[in-house]
There are 2 protein chains.
Amino acid sequence: MGAHHTGSEAGFSGKRTAEIVDITYRQLDYWARTDLVRPSLADASGSGSRRQYSYRDLLELKVIKSLLDSGIRLEQVRKVFAYMRNHLGEDVASANLVIDGSNSVLVNTGEELIDLLQNGQGVLNVLPLAGVKDEVDARIVSLYPDMADVVADVPRAAGDA
Amino acid sequence: MGAHHTGSEAGFSGKRTAEIVDITYRQLDYWARTDLVRPSLADASGSGSRRQYSYRDLLELKVIKSLLDSGIRLEQVRKVFAYMRNHLGEDVASANLVIDGSNSVLVNTGEELIDLLQNGQGVLNVLPLAGVKDEVDARIVSLYPDMADVVADVPRAAGDA
DNA sequence: CGGCGAAATTACGACCGTGTGAGTGTGGAT
DNA sequence: ATCCACACTCACACGGTCGTAATTTCGCCG
């Protein structure tokens with residue numbers, strides 16, 4: 001079926017972003033002004049202006065939310081993203097994000113993971129990114145079906161209605 | 001019976017404990033007063049008294065220190081220990097401590113771990129306890145050789161390397 | 001077609017948890 | 001009895017969160 005321009009290009013407002021990612025608006029605001037995640041499409045430009053977040057932004061935010069939920073300090077999250085932002089490429093859907101204290105890696109197989117476990121001295125924080133994307137997508141279609149086409153640009157196995 | 005300066009049975013003073021575990025004395029003090037880890041052998045009983053930590057206490061403290069170093073919030077650590085304290089039994093040396101947000105488990109094989117990874121939605125924090133014990137032991141013999149016998153009388157998994 | 005009211009959003013400031021530092025007094029070992 | 005290490009009591013710094021006020025934009029009605 002043909003491509004439609006139904007407003008999906010408009011991106012996500014602050015409020016909707018917070019809803020989708022399941023964080024408070026306060027957190028989103030705080031993270032933006034402290035340079036953790038700034039909206040890619042439109043940054044704030046004075047009081048009353050509106051931030052516009054891209055779909056990719058949502059994924060980053062959801063990763064952060066997951067990290068926080070697991071009890072990781074925001075300071076640590078900042079370090080991870082300083083290093084990871086470049087490497088958070090296309091394969092967001094399949095890899096596992098592994099943090100071992102100060103370093104962060106993307107790992108694809110479970111064997112690699114066990115390898116890290118035996119060598120590593122400290123704690124390993126492991127986050128399957130596939131689940132993150134799924135959660136965000138589900139939340140978008142559930143709350144804002146109009147924007148469903150944004151999530152569809154990644155090939156999926158099963159056919160949908 | 002001349003009671004000599006054995007020291008081994010006496011446990012570890014506050015200062016030495018902090019040194020061995022590699023935390024500040026202020027942290028040790030703070031954690032004791034806020035009921036995170038209280039000394040098993042002798043708790044504080046007013047100004048001038050002395051806390052006495054057991055070897056097992058050292059292990060707990062080192063686990064906490066590791067968790068903290070990996071960027072986990074103290075609040076989360078408290079939750080983990082509230083649940084884990086009972087289960088932190090004999091096999092301290094070989095198991096892996098796994099935290100998935102609100103629950104904590106001890107896992108022995110890598111396969112179990114991969115299993116958890118596929119089912120789990122959020123972040124898994126994995127800490128190999130063997131490394132913790134090794135670090136504590138090494139630190140004890142290095143700083144206080146007199147107490148080396150304390151580390152030996154705890155059962156270890158046979159044939160580790 | 002334009003202005004008004006209300007909702008959405010940014011900006012500001014108070015508050016909480018964690019940890020540190022200095023100062024004091026008390027108990028234990030010599 | 002004396003000395004020193006340690007526990008205890010404020011006071012505070014700092015990162016992070018949250019409630020609230022100030023400001024802009026948008027929808028609606030005349």
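Sequence lines set the chain letters: A, B, ... in the order given, protein chains first and strands last, and positions in each chain run from 1.
- Side chain to side chain, T34(B) and R78(B) meet the donor-acceptor criterion of an N or O pair below 3.5 Å.
- Remark: P of dG17(C) and CZ of R73(B) are 14 Å apart, rounded to the nearest angstrom.
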Dump every N/O contact between nucleotides 18-27 of chain C and the protein below 3.5 Å, one line per pair.
{"from": "dT20(C)", "atom 1": "OP2", "to": "T24(B)", "atom 2": "OG1", "distance (Å)": "3.1"}
{"from": "dG21(C)", "atom 1": "N7", "to": "R26(B)", "atom 2": "NH2", "distance (Å)": "2.9"}
{"from": "dG21(C)", "atom 1": "O6", "to": "R26(B)", "atom 2": "NH2", "distance (Å)": "3.0"}
{"from": "dA22(C)", "atom 1": "N6", "to": "R26(B)", "atom 2": "NH2", "distance (Å)": "3.0"}
{"from": "dG25(C)", "atom 1": "N2", "to": "S47(B)", "atom 2": "OG", "distance (Å)": "3.0"}
{"from": "dG25(C)", "atom 1": "N3", "to": "S47(B)", "atom 2": "OG", "distance (Å)": "3.3"}

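- Rounded to whole Å, atom P of dG15(D) lies 15 Å from atom CG of D35(A).
- Contact annotation: R51(B) does not reach the phosphate of dG28(C) (side-chain N/O to OP1 or OP2, under 4.0 Å).
- Atom-to-atom, CZ of F12(A) to P of dA8(C) comes out at 18 Å; the value is rounded to the nearest Å.
- One interatomic measurement links the two molecules: CG of L28(A) to P of dG16(D), which rounds to 16 Å at whole-angstrom precision.
- Put simply, the side chain of Y55(B) does not reach to within 4.5 Å of the side chain of L41(B), judged on heavy atoms.
- With hydrophobic clusters built from ILVMFWY side chains whose heavy atoms lie under 4.5 angstrom apart, V136(B) shares a cluster with I23(B).
- In this structure, R16(A) atom CZ and dA8(C) atom C1' are separated by 12 Å, rounded to whole Å.
- Residues S54(B) and D57(B) form a side-chain contact, since some pair of their non-hydrogen atoms from C-beta on lies under 4.5 Å apart.
- With sequence neighbours excluded, the residues that form a salt bridge (charged side-chain N to carboxylate O under 4.0 Å, His left out) with K62(B) are E135(B).
- For the pair D29(A) CG and dT24(D) C1', the interatomic distance rounds to 15 Å; values are reported in whole Å.
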Apply salt bridge (Lys or Arg N to Asp or Glu O under 4.0 Å) to R26(A) and D29(A), showing your working. CA-CA 5 Å; R26(A) 302 273 154 272; D29(A) 181 40; 5.0 Å; no
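- For the pair S13(B) and dA5(D), the criterion of a side-chain N or O lying under 4.0 Å from OP1 or OP2 is not met.
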